[in-house]
There are 2 protein chains.
Amino acid sequence: MRRRGQDELRRFLLDTAGRLLAEEGPAALTMRRVAAEVGCSTTVLYTLFGGKDGLAAGLYREGFARFQRRFQDLPPSPDPIARIRALSAAYRAGALAEPHYYRVMFLGAIPGFSPGPDDQAVGNATFQYLIDAAAAGMAAGAYRPGDPAAVAQVLWAAAHGVISLEVAGVFGPEGADQRYADATGAATAWFISSDGSDGAG
Amino acid sequence: MRRRGQDELRRFLLDTAGRLLAEEGPAALTMRRVAAEVGCSTTVLYTLFGGKDGLAAGLYREGFARFQRRFQDLPPSPDPIARIRALSAAYRAGALAEPHYYRVMFLGAIPGFSPGPDDQAVGNATFQYLIDAAAAGMAAGAYRPGDPAAVAQVLWAAAHGVISLEVAGVFGPEGADQRYADATGAATAWFISSDGSDGAG
DNA sequence: ACTCGTGGATAACGACGTTACACCAACCTT
DNA sequence: AAGGTTGGTGTAACGTCGTTATCCACGAGT
């Protein structure tokens with residue numbers, strides 16, 4: 001295992017951990033198991049990640065990086081509402097494509113781990129896409145003026161609420177699509193400037 | 001510990017486990033620790049609960065029982081929309097009053113535990129309050145006709161989305177109230193019969 | 001009083017996260 | 001080029017976890 005290049009080894013370990021998580025669930029994500037899987041000892045994991053929390057944080061950031069990539073690859077749209085819709089769809093697509101990462105990021109899938117402040121900062125950076133879209137919507141007059149972050153948070157909460165229930169198996173497989181459309185549609189409509197109820201506080 | 005009455009002992013153990021969870025977090029919820037706390041051996045826990053999963057399931061059901069009590073104690077309201085609002089408020093009040101139970105029920109706070117089908121049935125029974133309220137709203141003409149369970153699920157997702165982000169510390173303490181009002185208000189408004197968009201699929 | 005059966009305490013097993021220690025390869029000095 | 005130094009790696013151990021096999025004490029039945 002010597003001299004493999006630290007970064008390369010780190011990535012290899014992270015990929016192995018992600019694979020274990022996807023294939024066998026959080027119970028299989030063990031320091032000993034990851035080490036055995038790549039054929040090194042546990043010491044390497046501790047020098048590269050500092051402990052199981054560090055490994056979990058690596059997976060957490062990796063999950064957000066994948067989300068970010070999805071948002072980045074979205075074709076730009078002049079219509080702010082369509083942009084919000086596209087971001088919502090990409091969010092759910094990402095969550096369902098790799099639910100094990102979504103569970104790590106938002107559902108506490110790795111037993112002892114909760115993200116530290118700098119880990120959460122990575123998450124917030126990804127979240128910025130949604131805030132920007134809300135701000136653009138306000139600038140274009142599609143949304144009532146207000147705090148774009150507040151709009152983005154409500155939209156995020158709606159999306160996250162449906163997806164976390166969906167991942168938990170609450171909906172039948174046929175109902176989840178409509179629940180997601182309703183929840184994100186309701187949140188979007190709530191802030192559209194035509195009606196006069198209070199919002200965007 | 002002999003002859004204390006099985007049910008009484010079971011309740012004592014469950015209360016102790018809940019207290020440990022609330023005071024010291026999920027890491028303190030250990031079979032050994034619970035046994036030491038009540039002054040018996042771990043064997044009792046295994047005969048009464050079958051294992052840590054059984055203890056976790058007991059806490060899961062206890063959490064839903066407390067939610068159910070809150071819903072039950074709500075004064076009846078002739079206005080279906082006000083009823084929905086009251087249920088939403090009670091839901092958040094319950095979640096914030098005892099967040100450790102909320103985490104067990106919906107956020108996977110206890111490492112290895114995920115509820116079995118019969119545990120989830122208990123949860124769905126509590127959920128019935130919301131479905132009934134939605135059905136009453138439809139019967140009164142306040143909601144567009146459709147599947148009451150679908151309306152309830154979207155409302156639940158909105159509430160759960162905000163609360164789980166709130167419990168995770170995403171919002172500042174000042175913003176959470178408004179986010180919750182927006183998210184549940186948006187979900188409620190979405191199904192009200194005045195506008196003509198598609199919903200309640 | 002004696003036996004039997006039930007149920008709790010003790011202590012062990014395997015697996016976990018973590019780390020002290022020993023070792024060896026690579027680099028720097030001369 | 002040879003030897004000392006440094007830092008990364010493997011081995012093996014520690015303490016704790018969930019779980020359980022074993023043993024023992026107490027109450028019931030005769």
Side-chain angles (χ1 to χ4, degrees), chain A residues 1-14 16-21 23-60 104 108-116 119, chain B residues 1-21 23-60 100 104 108-116 119:
Chain A
M1 261 318 125
R2 186 66 167 244
R3 286 297 78 173
R4 207 200 159 93
Q6 299 262 34
D7 290 357
E8 189 182 347
L9 177 54
R10 201 188 132 91
R11 166 120 313 268
F12 185 37
L13 286 164
L14 215 51
T16 302
R19 184 173 54 77
L20 275 176
L21 197 61
E23 293 176 354
E24 305 185 32
L29 193 67
T30 293
M31 300 299 270
R32 291 169 141 97
R33 179 73 194 279
V34 174
E37 206 77 13
V38 308
C40 68
S41 82
T42 61
T43 314
V44 182
L45 281 166
Y46 283 89
T47 61
L48 287 183
F49 293 97
K52 194 180 185 183
D53 277 9
L55 181 62
L59 289 170
Y60 179 88
V104 170
I110 302 181
F113 170 71
S114 63
D119 299 322
Chain B
M1 264 314 126
R2 188 68 167 246
R3 286 295 81 174
R4 206 200 160 94
Q6 299 262 34
D7 290 357
E8 188 182 349
L9 178 54
R10 203 187 131 91
R11 167 120 311 267
F12 185 37
L13 287 165
L14 214 52
D15 286 347
T16 302
R19 183 173 55 78
L20 276 177
L21 198 61
E23 292 176 356
E24 305 185 32
L29 194 68
T30 293
M31 299 300 271
R32 292 169 140 95
R33 180 73 195 279
V34 174
E37 205 77 13
V38 309
C40 69
S41 83
T42 61
T43 315
V44 181
L45 282 166
Y46 283 88
T47 60
L48 287 183
F49 293 97
K52 195 180 184 184
D53 277 11
L55 181 62
L59 289 170
Y60 180 89
H100 48 290
V104 170
I110 301 181
F113 170 71
S114 63
D119 300 321

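Residue numbering restarts at 1 for every chain, and letters A, B, ... go by the order of the sequence lines. These numbers come from the heavy atoms of this one structure, side chains and all, not from hydrogens, waters or symmetry mates. None of these values were measured; they are calculated from a predicted model.
- Atom CG of A:L9 and atom C1' of D:dT9 are 11 Å apart (whole Å).
- A straight line from CG of A:L45 to P of D:dT9 spans 11 Å, rounded to a whole angstrom.
- Applying the side chain to side chain donor-acceptor pair (under 3.5 Å) criterion to B:R10, with sequence neighbours excluded, gives no partner residue.
- Remark: A:A56 engages A:I110, A:F113 in a side-chain contact (heavy atoms from CB on, under 4.5 Å) (not counting sequence neighbours).
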Summary of protein contacts for nucleotides 12-19 of chain C, nucleotide by nucleotide, where a base hit scores B, a sugar-phosphate-only hit scores S (4.0 Å, heavy atoms): B---BBBB
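- Atom pair B:F113:CZ and D:dT19:C1' shows a separation of 18 Å (rounding to whole Å applied).
- Pairs engaging residues 38-50 of chain A under the salt bridge (charged side-chain N to carboxylate O under 4.0 Å, His left out) rule: none recorded [sequence neighbours left out].
- Residues that satisfy the salt bridge (Lys or Arg N to Asp or Glu O under 4.0 Å) test with B:D119, not counting sequence neighbours, are B:R61.
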Which atom pairs, one a donor and one an acceptor, fall under 3.5 Å between side chains of residues 25-40 of chain A and the rest of the protein, sequence neighbours left out?
unit_1	atom_1	unit_2	atom_2	d
A:R33	NE	A:E37	OE1	3.1
A:R33	NH1	A:E24	OE1	3.0
A:R33	NH2	A:E24	OE2	2.9

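- Inter-axis angle, ends of the helix from C:dA1-D:dT30 to C:dT30-D:dA1, five pairs per end, rounded to 10 degrees: 20°.
- Put simply, CZ on B:F49 is 16 Å from C1' on D:dG18, counting in whole angstrom units.
- In terms of the side chain to side chain donor-acceptor pair (under 3.5 Å) criterion, A:T47 has no residue partners (sequence neighbours excluded).
- Atom CD1 in B:I110 sits roughly 11 Å away from atom P in D:dG18 (whole-Å rounding).
- Ion pair A:R11/A:D7 not flagged as a salt bridge, since none of the NZ, NE, NH1 or NH2 atoms sits closer than 4.0 Å to an Asp/Glu carboxylate oxygen.
- Shown here are the side chain to side chain donor-acceptor pair (under 3.5 Å) partners of A:T43, two or more places apart in sequence or in another chain: A:S41.
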